[in-house]
Undergrad: 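To start, I am sharing the structure in question, which I have written as structure tokens.
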Amino acid sequence: MRERLPRKEKFSEWYNELLLRTEIVDVRYPSKGLCVWYPFGFSLRRRIYSILRSLLDVDHQEVLFPLLIPENEFMKESEHIKGFEEEVYWVTKGGSTPLEMPLALRPTSETAIYPMLQLWIRSHVDLPLKIYQIVNTFRYETKHTRPLIRVREITSFKEAHTAHATWAEAEEQVKAALKLYSEFFRRLAIPHVITKRPDWDKFPGADYSMAVDTLMPDGKTLQIGTVHHLGTNFAETFDVRYEDPEGEQRYVNQTCYGISERCVAAVIAVHGDDRGLVLPPEIAPTQIIIIPIVSKGKDALGACKRILDMLKDVYRVVLDNSQERPGAKYYKWEMKGVPLRVEIGPRDMERGEVTLVRRDTFERETVAISKLNDAIEDKLGAIHANLYERARQSFDSRIVDCKTLDEAKTAIRKGMAKISWCGEEECGLCMEDRTGGDILGELAKTKRGECPICGKKTDKVVLMARAY
RNA sequence: GGGGCAGUAGGGUAGUCUGGUCCAUCCUCGCGGCUUUGGGAGCCGUGGACGGCAGUUCGAAUCUGCCCUGCCCCA
């Protein structure tokens, strides 16, 4: 018998082992913080990102900018540099010849894109401009790296960049982007919360930053999306101007927003269980696995092939015709997260039925072949709904209203603490210090209360947590 | 940022303290074969490993140093 997966309670072990066993990514690449996508993992990634693409393609255009950024461009925006300079990889030689102008491997692409926006944007009719790209970026992480979560090469960075005539229009875009991200995570059945990051934690060079966070099984939060209002900060640095209808030259207002392969990590961590992956049907590389139950003199294979033919045009379906025994196949495909299993054996064939088993609940049901199509459609829909519902219940139960820092300190051991804050940086940092958690950010919903440090009355409510 | 611990076949391990018994143990896995198949099949045959560099030594998986990599705890 094959060794079991570590229990999900031991989240780190479970997560690392699962990534390798199910062939999502291989962390054994011989350089720290870099990993290899296996075919199965890449297929999962592709399906997740095609949802993201389809949402963006409604009103964004996809582009592709270079990986390398000249040092002089990279160094232009002083706040931005301060935020990134310690984690930039530099290309300094061409062969053995030192480069006149060193080139940065993009840690993010603002400084690659905005010099071009200066050329592309001339007039108010060029606005709004909304572009995105899905690329790799590099950050020299010195802390512990963790596959898909903290890496040196972000392989799947979706970054969108927009330019608008006014600050208010850019702010509308921030809201639109957050709505788009919420829809994306709803499709992945990932519960999440949106907050405004405190000033000391905003994107370097932004006016303000919004963030999307979810909760991991160990109670730490994972930032799975960010949306930044850049104001005219970069526009002034890169001289990105447009001529307004009155003939005045004005700086554009910009936003940028990103999602990385952390969204794949979130799907794995939020839905997975002790038996392995549990995947929402829309993104599962294999949605249905057909398992023949062979028995002396009675070959179920023919029946399985007929079912396969019946389903294959609509669903991603695989017939496991290997020589293993049925039990071994069940474990194997459960590990891979296949949402629905179809078993066909002698008993089923006699009755013109098949047996359906759900991955999320292990619920087992026999269905007449004549009603199979409808039953599958129902079940796949129910699986998505159930995954989202049970994840949301777990998520909600781990957000605790707190009045005191002691309560907050307890709450962040298992999840997030909701607590009042006056808005002063000094008090905020003190709250972080006293609880050992971070202030994730401010919620849009306000509530009358008082700051746990200075006691001042306030409407602001923040979330605190331990964060990845 | 600070502190621990660990690297032995594709995966997991024994051996390391006390150097020689180890051309390295067991499980899993791969390959070939026969019998099997409603929740991880059995037997037979076979394949595959001491993270890297340097040092100590007659002799290093084992001791020392450095490097690389990974994990855990604290801030």
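Proteins get letters first, then strands, A, B, ... in listed order; numbering begins at 1 in each.
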Undergrad: Is RNA chain B part of any stem, that is, at least 3 consecutive Watson-Crick or G-U pairs with both distances under 3.5 Å, and where?
TA: B:1-7 with B:68-74, B:10-12 with B:26-28, B:29-35 with B:41-47, B:51-55 with B:63-67
Undergrad: Any residue in residues 329-336 of chain A with a heavy atom nearer than 4.0 angstrom to RNA chain B? Just list them by number, or reply none.
TA: A:Y330, A:Y331, A:E334
Undergrad: Before accepting this row, confirm whether a basic side-chain N of the pair A:K329/A:E324 lies closer than 4.0 Å to the acidic partner's carboxylate O.
TA: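 Between A:E324 and A:K329 there is no salt bridge, as every charged N stays at least 4.0 Å from the carboxylate O atoms.
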Undergrad: Are side-chain N/O atoms of A:S209 and A:H228 paired as donor and acceptor at under 3.5 Å?
TA: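 The criterion, which ignores hydrogens and geometry beyond distance, is satisfied for A:H228 and A:S209.
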Undergrad: Which side chain to side chain donor-acceptor pair (under 3.5 Å) pairs, counting each pair once, include a residue from residues 420-432 of chain A, with sequence neighbours left out?
TA: none
Undergrad: Return each pair, listed once, that meets salt bridge (Lys or Arg N to Asp or Glu O under 4.0 Å) where at least one residue sits in residues 372-396 of chain A; pairs must be two or more places apart or across chains.
TA: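 Residue pairs with at least one partner in residues 372-396 of chain A: A:E365-A:K379, A:E389-A:R392.
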Undergrad: Using side-chain heavy atoms (C-beta onward) and a distance below 4.5 Å, is A:L301 in contact with A:V294?
TA: no
Undergrad: For each nucleotide in nucleotides 69-75 of chain B, reading 5' to 3', give B when a protein heavy atom comes within less than 4.0 Å of its base, S when such contact involves only the sugar-phosphate, and - otherwise.
TA: SSBB---
Undergrad: Roughly, in whole Å, what's the span from CD in A:E87 to P in B:G1?
TA: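 That distance rounds to 11 Å.
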Undergrad: Looking at A:E141 and A:R150, is there a salt bridge between them, counting it only when a charged N and a carboxylate O are closer than 4.0 Å?
TA: yes
Undergrad: Which whole number of Å gives the distance between the P atom of B:G12 and that of B:C22?
TA: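 The same atom, P, in both gives a distance of 26 Å.
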Undergrad: For nucleotides 32-36 of chain B, give me every protein contact, N/O to N/O, under 3.5 Å, one pair per line with atom names.
TA:
{"from": "B:U36", "atom 1": "O2'", "to": "A:R325", "atom 2": "NH1", "distance (Å)": "3.3"}
{"from": "B:U36", "atom 1": "O4", "to": "A:Q323", "atom 2": "OE1", "distance (Å)": "3.2"}

Undergrad: With the threshold set at 4.0 Å, does a side-chain nitrogen-carboxylate oxygen contact exist between A:D309 and A:K312?
TA: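 Yes, A:D309 and A:K312 are salt-bridged.
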Undergrad: Can you tell me how far P of B:U37 sits from CG of A:D320, to the nearest Å?
TA: 17 Å
Undergrad: Taking atom NZ of A:K336 as the centre, report whether more than 12 heavy atoms of other residues, nucleotides or ligands fall under 6.0 Å from it.
TA: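 Enclosed: over 12 neighbouring heavy atoms sit under 6.0 Å from NZ of A:K336.
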Undergrad: Got more than 12 heavy atoms from elsewhere within 6.0 Å of NZ, A:K409?
TA: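 No, because the 6.0 Å sphere around NZ of A:K409 holds 12 heavy atoms or fewer from other groups.
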Undergrad: What pairs with A:Y38 under ring pair (Phe, Tyr, Trp, His ring centres under 6.0 Å), at least two apart in sequence or on another chain?
TA: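 Counting only residues at least two positions away or on another chain, A:Y38 forms no ring pair (Phe, Tyr, Trp, His ring centres under 6.0 Å).
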Undergrad: Show every salt bridge (Lys or Arg N to Asp or Glu O under 4.0 Å) that has at least one partner inside residues 218-231 of chain A, sequence neighbours left out.
TA: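 Sorted pair list comes back empty.
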Undergrad: Let me know, please, whether A:T142 or A:E17 comes out on the 5' side of the other along RNA chain B by nearest nucleotide.
TA: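 Residue closer to the 5' terminus by nearest nucleotide: A:T142.
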Undergrad: Output the rounded distance in Å from CG (A:D26) to P (B:G10).
TA: 12 Å
Undergrad: Can you list every side chain to side chain donor-acceptor pair (under 3.5 Å) pair that touches residues 270-293 of chain A, not counting sequence neighbours?
TA: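 Checked against side chain to side chain donor-acceptor pair (under 3.5 Å) - neighbours excluded - the pairs reaching residues 270-293 of chain A are A:R7-A:D274, A:R187-A:E282, A:D273-A:R359, A:R275-A:E334.
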Undergrad: Checking side-chain polar atoms at under 3.5 Å, does A:T111 have a donor or acceptor matched by the opposite partner on A:E77?
TA: no
Undergrad: How is A:R275 classified with respect to the nucleic acid when contacts are heavy atoms under 4.0 Å: base, sugar-phosphate, or nothing?
TA: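 Base, at least one base atom sits under 4.0 Å.
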Undergrad: Indicate, with a heavy-atom threshold strictly under 4.0 Å, whether A:R28 touches base, sugar-phosphate, or nothing.
TA: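 Sugar-phosphate: the residue A:R28, judged by heavy atoms under 4.0 Å, touches backbone atoms but no base.
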Undergrad: When you compare B:C71 with B:C29, how far apart are their C1' atoms, in angstrom units rounded to a whole number?
TA: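 These two C1' atoms come out 24 Å apart once rounded.
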Undergrad: Partners of A:Y140 by ring pair (Phe, Tyr, Trp, His ring centres under 6.0 Å), sequence neighbours excluded?
TA: A:Y89
Undergrad: Of the nucleotides B:G11, B:A41, B:U37, which has the atom closest to the A:I293 side chain?
TA: B:U37
Undergrad: For RNA chain B, which residues in residues 353-366 of chain A have a heavy atom at a distance below 4.0 Å?
TA: A:T355, A:R364
Undergrad: What distance, rounded to whole Å, do you find between the two C1' atoms, one in B:U57 and one in B:G11?
TA: 35 Å
Undergrad: Look at A:R341 together with A:E343 and state whether they make a salt bridge at an N to O cut-off of under 4.0 Å.
TA: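 Between A:E343 and A:R341 there is a salt bridge, with a charged N closer than 4.0 Å to a carboxylate O.
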Undergrad: Ring pair (Phe, Tyr, Trp, His ring centres under 6.0 Å) with A:H192: which residues, sequence neighbours excluded?
TA: A:F185
Undergrad: Given the C1' atoms of B:G52 and B:A60, what is the spacing between them in whole Å?
TA: 16 Å
